[in-house]
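Worksheet: one structure, shown below.
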Protein chains: 2
Amino acid sequence: MKSGVDTAKASKAPAIARAAAVLRLLGKHGAPLGVQAIARELGLVPSTCLYVLRALVAEDLVAFDADTKRYSLDAGVLTLARAWLRKDQFNDLAQPALDRIAREFGTTAMGVQVFGLDHIIVTAMSQSGQNFQLSTQVGSRFPALVSATGRCIAAFGGYPQSELKPRFDQLRWDEPPSWEDWLAQVDDARVSGVAVDAGHYLSGVTVVAAPVWKGGRPSHALVAIGIGAALRNELPRLKEALKAAASALSGQIAA
Amino acid sequence: MKSGVDTAKASKAPAIARAAAVLRLLGKHGAPLGVQAIARELGLVPSTCLYVLRALVAEDLVAFDADTKRYSLDAGVLTLARAWLRKDQFNDLAQPALDRIAREFGTTAMGVQVFGLDHIIVTAMSQSGQNFQLSTQVGSRFPALVSATGRCIAAFGGYPQSELKPRFDQLRWDEPPSWEDWLAQVDDARVSGVAVDAGHYLSGVTVVAAPVWKGGRPSHALVAIGIGAALRNELPRLKEALKAAASALSGQIAA
DNA sequence: GAATGTTATTCTATATATTGAATGAAAAGC
DNA sequence: GCTTTTCATTCAATATATAGAATAACATTC
């Protein structure tokens with residue numbers, strides 16, 4: 001995955017694109033990496049990569065182990081994340097609604113932020129506290145078009161099918177829907193205002209998502225995720241609850 | 001505070017230093033900022049600043065509001081922080097000890113990471129759940145030499161006084177100790193293995209810190225913070241508990 | 001223990017990112 | 001309602017960060 005680096009050529013500040021790619025790679029890989037390994041993975045020249053790493057180390061964003069000559073993420077990234085969390089209004093506003101939904105329906109409820117057709121990032125979460133729960137972590141990234149959120153984005157984002165199809169073809173599902181089925185489900189979502197993924201993304205798991213609007217586009221979404229069998233009877237109510245909460249948020253954010 | 005940018009001249013990748021400075025500024029400031037404001041604050045040329053911002057927007061690290069032309073931090077920083085949290089062994093190991101200390105003594109307990117003489121970052125925390133508690137947030141940065149942690153770093157870091165003095169002179173305290181008093185307290189810490197700040201940093205608040213060693217230097221510290229009056233009787237036990245926990249961690253991390 | 005394949009790192013010419021002035025657009029002031 | 005100031009943005013010249021080969025240190029293999 002060299003997605004971070006190919007943006008370097010287009011940009012006027014390639015060093016920054018490279019730095020971001022390095023940070024993401026270190027984050028994804030977990031274990032510390034050497035200069036060469038990083039350069040190879042990202043398609044960079046080792047010497048350039050070394051300068052990027054040194055700059056990141058100077059900023060406390062990357063830690064350098066002088067003995068093993070390995071690099072890994074450092075605590076500086078935390079400082080930035082904390083600052084972001086403190087001032088994001090969607091999070092503050094969404095949390096109470098997520099807590100309520102998680103408690104009432106025994107699901108895991110999440111708030112996600114939409115980044116065009118590229119991906120979504122989980123920015124808030126509430127766990128039901130019940131026995132079995134499906135969990136992700138705040139900060140997780142997913143492809144934009146997958147699962148219920150994907151149908152929301154496709155339904156309300158106003159993208160032409162020609163843009164959706166190639167992205168759709170690259171998605172990974174437990175039980176992949178056909179393109180036609182998927183389009184039909186997207187239409188459903190457009191009509192009802194809520195999207196449902198019934199076991200396609202994860203077998204046996206039902207995901208519901210409702211869009212939160214900002215400036216004529218879905219900028220965020222509220223998502224509930226639970227065991228399909230356990231949810232069946234409550235599904236209509238859950239859909240309405242998510243839709244109502246998302247709609248309320250849309251109004252508050254615009255203000 | 002242009003500390004982020006002056007490193008740019010020394011580095012071979014100044015764009016990265018600038019980018020980091022921009023991110024930190026946006027984090028500190030909270031409210032969205034325009035290009036010019038950012039450039040002025042950091043001593044950058046507006047056009048350069050614009051390219052830096054665009055690159056950061058392309059990486060989802062900065063959000064751009066097309067209407068107001070303002071920039072702010074974006075959710076991408078979360079993804080990096082999550083990755084870091086997942087794989088930092090100090091955090092995983094320290095959390096149980098912090099929970100225990102917070103519960104037993106009714107204090108707030110924190111794990112911090114030391115960045116030389118520059119600063120420390122809070123990376124883990126446990127609150128006692130009692131009525132009154134002093135709280136910080138994970139990700140917070142403090143000057144290295146302040147409070148109890150500062151005495152630890154001074155005592156065990158092996159820095160000459162000539163390096164310590166200028167930094168000491170710039171610290172902010174509620175009740176500043178004299179240089180001589182402070183040195184004496186540092187010596188106390190060196191002998192006893194634990195440092196105490198009794199109301200100097202924050203009036204009425206006692207802070208205790210014990211160093212966690214890695215490769216011959218204190219790389220982290222365990223810190224407990226509580227109301228001085230409430231803590232008085234327990235202080236000797238708290239010091240021993242922190243020291244023991246920090247010592248145990250030092251062993252585990254080395255392994 | 002020598003040899004081979006790695007690795008991190010330094011060095012310099014050159015492609016290119018940065019600069020600062022110029023442009024256009026939008027507030028602010030009168 | 002016009003002028004003035006402030007802002008974001010573009011552009012072309014130049015200072016400079018980058019690429020690639022060369023070196024040096026290291027680990028691995030025979």
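Side chains are part of it too, since the values below use all heavy atoms of this structure and drop only hydrogens, waters and symmetry mates. Convention: sequence-line order gives letters A, B, ...; per-chain numbering from 1.
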Under 3.5 Å, which donor-acceptor pairs link side chains of residues 116-124 of chain A to any protein atom two or more places apart or in another chain?
from	atom 1	to	atom 2	distance (Å)
A:Asp118	OD1	A:Arg167	NH1	3.0
A:Asp118	OD1	A:Arg167	NH2	3.4
A:His119	NE2	B:Asp60	OD2	2.8
A:Thr123	OG1	A:Asn91	OD1	3.4

Residues forming a side-chain hydrogen bond (donor to acceptor under 3.5 Å, both in side chains) with A:Asp67, sequence neighbours excluded
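Checked A:Asp67 against side-chain hydrogen bond (donor to acceptor under 3.5 Å, both in side chains); zero matches.
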Interface residues of residues 61-71 of chain A with DNA chain D (non-hydrogen, below 4.0 angstrom):
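Listed by number, there are none.
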Residues that A:Arg190 engages under salt bridge (charged side-chain N to carboxylate O under 4.0 Å, His left out), provided they are two or more places apart:
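With sequence neighbours excluded, A:Arg190 shows a salt bridge (charged side-chain N to carboxylate O under 4.0 Å, His left out) to A:Asp187, given in chain and number order.
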Just checking A:Val45: base, sugar-phosphate only, or nothing, at a heavy-atom cut-off of under 4.0 Å?
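Counting heavy atoms under 4.0 Å across all strands, the contact made by A:Val45 includes a base.
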Can you tell which of [options] lies closest to the side chain of [X]?
X       : options               : result
B:Gln36 : D:dC7, D:dC11, D:dT18 : D:dC7
B:Ser47 : C:dA8, C:dG20, D:dA8  : C:dG20
B:Arg40 : D:dC7, C:dT18, C:dA8  : D:dC7
A:Leu50 : D:dG20, D:dT9, C:dT10 : C:dT10
A:Pro46 : D:dA8, C:dT9, C:dT18  : C:dT9

Take the protein atom [atom1] of [X] and the nucleotide atom [atom2] of [N], then report the distance between them rounded to whole Å.
X       : N      : atom1 : atom2 : value
A:Tyr51 : C:dT9  : OH    : P     : 10 Å
A:Leu44 : D:dA17 : CG    : P     : 17 Å
A:Leu53 : D:dT18 : CG    : P     : 12 Å
B:Arg54 : D:dA8  : CZ    : P     : 12 Å
B:Arg18 : C:dT18 : CZ    : C1'   : 7 Å

Does any N or O in the side chain of A:Ser247 come within less than 3.5 Å of the main-chain N or O of A:Lys243, such that one atom is a donor and the other an acceptor?
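Checking the backbone N and O of A:Lys243 against the side chain of A:Ser247, no donor-acceptor pair under 3.5 Å is found.
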Do B:Gln95 side-chain atoms and B:Met125 backbone N/O form a donor-acceptor pair below 3.5 Å?
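Side chain of B:Gln95 to backbone of B:Met125, a donor-acceptor pair under 3.5 Å: yes, one is there.
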Residues 155-163 of chain A, side-chain donor-acceptor partners within the protein, below 3.5 Å, at least two apart:
from	atom 1	to	atom 2	distance (Å)
A:Tyr159	OH	A:Arg217	NH1	3.2

Let me check something: any side-chain donor-acceptor pairs from residues 69-82 of chain B under 3.5 Å, sequence neighbours excluded? List them with distances.
from	atom 1	to	atom 2	distance (Å)
B:Asp74	OD1	A:Gln113	NE2	2.9
B:Thr79	OG1	A:Gly139	O	3.0
B:Arg82	NH1	A:Ser140	OG	3.4

